[in-house]
Each structure stands twice: as C-alpha cells, then as structure tokens.
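Input: a single structure, listed below in structure tokens.
Start at 1 and go down the list; that is how both ligands and their atoms are numbered. Note that these values count all heavy atoms, side chains included, but never hydrogens, waters or copies made by symmetry.
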Amino acid sequence: MRRVNAGDWVTLYYGEKEAYTVRVVPGRRFHTTRGFIELDRLVGVELGSSVETNVGERFVVSRATLVEKLLSLRRFTQVIYPKDLGYMLISSGVGPGSVVVEAGTGTGFLAATLAYYVRPTGKVYTYEVRKDFYEMALENFRALGLQEFIVAKNKDVREGFDEEDVDAVMLDLPDPWSVVDKAYASLAHGGVILVFVPTLPQVERTLSALRKSGFRMVEVVEIMLRKYKAEPAELRPETVGVQHTGYIIQGRKL
Ligand SMILES: C[S@@+](CC[C@H](N)C(=O)[O-])C[C@H]1O[C@@H](n2cnc3c(N)ncnc32)[C@H](O)[C@@H]1O
C-alpha cells in the first residue's frame, strides 16, 4: 500500500478526461475547476483513494508520471516536448550511468528528462547564459527531486564545455553551430550530438558546422505526431493539433 508523502507529485483524476498534476507542498491550496483542495489533506492519503474538494467533488489520487510533472512546471522558455524528447533520448543511447552535456537549460525539460534516465550513477551538465533562467531551472530541478543528478551552470556555452569524454551533447540554442566544434572536443569517441532547432535555416547552418567539425553519420529528422480521438465509435484524428515543433539533427564522433 503506497501513501502520499509531503513533497511527492500526484495526479488528481476526475472521471476519464480531467486531470491535474501537483506537487504536495504542505500549507498550499490547489485550485481546480471543481473547487480547491488543501494540499495538507493529501499527506498520508493512500494512492488510488479519493479526496474531496471544498465543494464536494471527488478526485482520485494517483502517482504522477515524468511527463505529467514536466508539463506542470512553470515554463519561462520554449521547451522540448515529449515526442522530441523521446526520440532524442533513445537515439542518443543515454541510460543509467551516462554523462551528458546540454545547453541551454531554459525551463529544464530536456535536462530533467536526461537526469531522470541517467540515474542513479550518471550526471547531466547543463549550461544557461541567463541568471534568472538558471535560477528558475534550479527550482524546477529541486521540485522534481532530480537536482543531485544535474550540475547546472550559469555560463555562456560559447566559452566552451568544461567536461571531457562525455557520452552525449544535446543543444537547444538559437545558434548551435557556434558550439558544434566545442561539442566535438568534449565528446568521447562514439559519442552522439543531438541538436534541436525550430527552423530550416538553422538546420542548414548546423549541418555545415557538423560536417566541418568532423561529425559522421549525420541525420536530420522531424517527428510527426498525430493524435486521435480515442472513442471507439468516433475513432479519427483530432481536429486541432500542434503542427510544428522542430527538427532534430544528429551526428557521431567516430
Ligand atoms: C529554447 S530554451 C531551451 C529549452 C530547454 N531545452 C527545455 O527543454 O526546457 C534556450 C535556452 O538557451 C539559452 N541560451 C541561449 N544562448 C546561450 C548560450 N550561448 N549559452 C547558454 N545558454 C544559452 C537561452 O537563455 C534559453 O534559456
């Protein structure tokens, strides 16, 4: 039997379609469209049982997934969404024990995802040029309980990476081509670079830089995700959806 502890993340489900993910911070009140819940009341509650809002609506309390937690964080930059995170993760070969460098930190979606998967023995080194973003990202890492697997640096990555012999470098920057040679120097033999950019001109410049720096097995992909209406009698694509996120460019140091 699992119970909710202070500081845990939970997802509160109302029926099949409505859900809220929240970190159980004692003393706080959480508002839903069906009334509010004092978060103190969730501490000690058994997962799978239900809690009532102030207006008597009942929510089932469940554990939160990584994606639910990420999507509940405060966002202050563009972020990399799950469809692209998943591809980047699997094609990088990153797993428990890996050492990964990434920039810029931004809201921290990518850094947090990497940290989640390199646990318990790996490390993520992340660079952010803006002090305010660096500090807010640290807060997000602490809230997710992933801070011990992340070394965050308030530093312009164009000055270079401090780490050597790393398994992967991931870049989500406006001008990734300006650090591709530094990424090459930082990678171990066989290491993978993954670059995320939203526009094709950025892809072109990044490709040229990758070739110039000596990266091999270079690929460019765009991940298309089409959501369907999950109703057996109405099964069809959703009418509205996200049309574009970005391109993923990959290369290897061989
Ligand atoms: C799109 S955001 C990254 C979002 C992040 N990948 C995520 O999933 O949450 C880009 C970040 O790169 C930072 N940045 C831009 N140039 C940089 C540089 N030269 N060195 C370090 N960070 C930089 C920006 O301040 C911004 O926070």
For ligand 1, output the ligand-protein N/O contacts shorter than 3.5 angstrom; if there are none, return none.
residue, atom, partner, partner atom, Å
ligand 1, 6 (N), Asp172, OD2, 2.8
ligand 1, 8 (O), Ile80, N, 3.2
ligand 1, 8 (O), Leu110, N, 3.2
ligand 1, 9 (O), Thr107, N, 3.4
ligand 1, 9 (O), Gly108, N, 3.0
ligand 1, 9 (O), Phe109, N, 3.0
ligand 1, 19 (N), Asp156, OD1, 2.8
ligand 1, 20 (N), Val157, N, 3.0
ligand 1, 22 (N), Val129, N, 3.1
ligand 1, 25 (O), Glu128, OE2, 2.6
ligand 1, 27 (O), Glu128, OE1, 2.7
ligand 1, 27 (O), Glu128, OE2, 3.3

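Just one of Val22, Thr53, Val24, Val61 meets the side chain to side chain contact (heavy atoms under 4.5 Å, CB included) condition when paired with Ile37; it is Thr53.
Note on ring orientation: taking the six-membered ring where Trp is involved, the planes of Tyr20 and Phe30 are perpendicular (angle over 60°, cut-offs 30° and 60°).
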Side chains of residues 85-100: which donor-acceptor pairs under 3.5 Å do they make with residues two or more places apart or in other chains?
residue, atom, partner, partner atom, Å
Ser91, OG, Tyr87, O, 2.5
Ser92, OG, Met88, O, 3.3
Ser92, OG, Leu89, O, 2.7
Ser92, OG, Val94, N, 3.1
Ser98, OG, Gly95, N, 2.9
Ser98, OG, Gly95, O, 3.0

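In this structure, Arg226 has no side-chain hydrogen bond (donor to acceptor under 3.5 Å, both in side chains) partners at least two apart in sequence or on a different chain. Residues passing the side-chain contact (heavy atoms from CB on, under 4.5 Å) test with Glu222 are Met224, His244, Tyr247, sequence neighbours excluded.
The aromatic ring centres of Tyr125 and Phe161 sit 6.0 Å or more apart.
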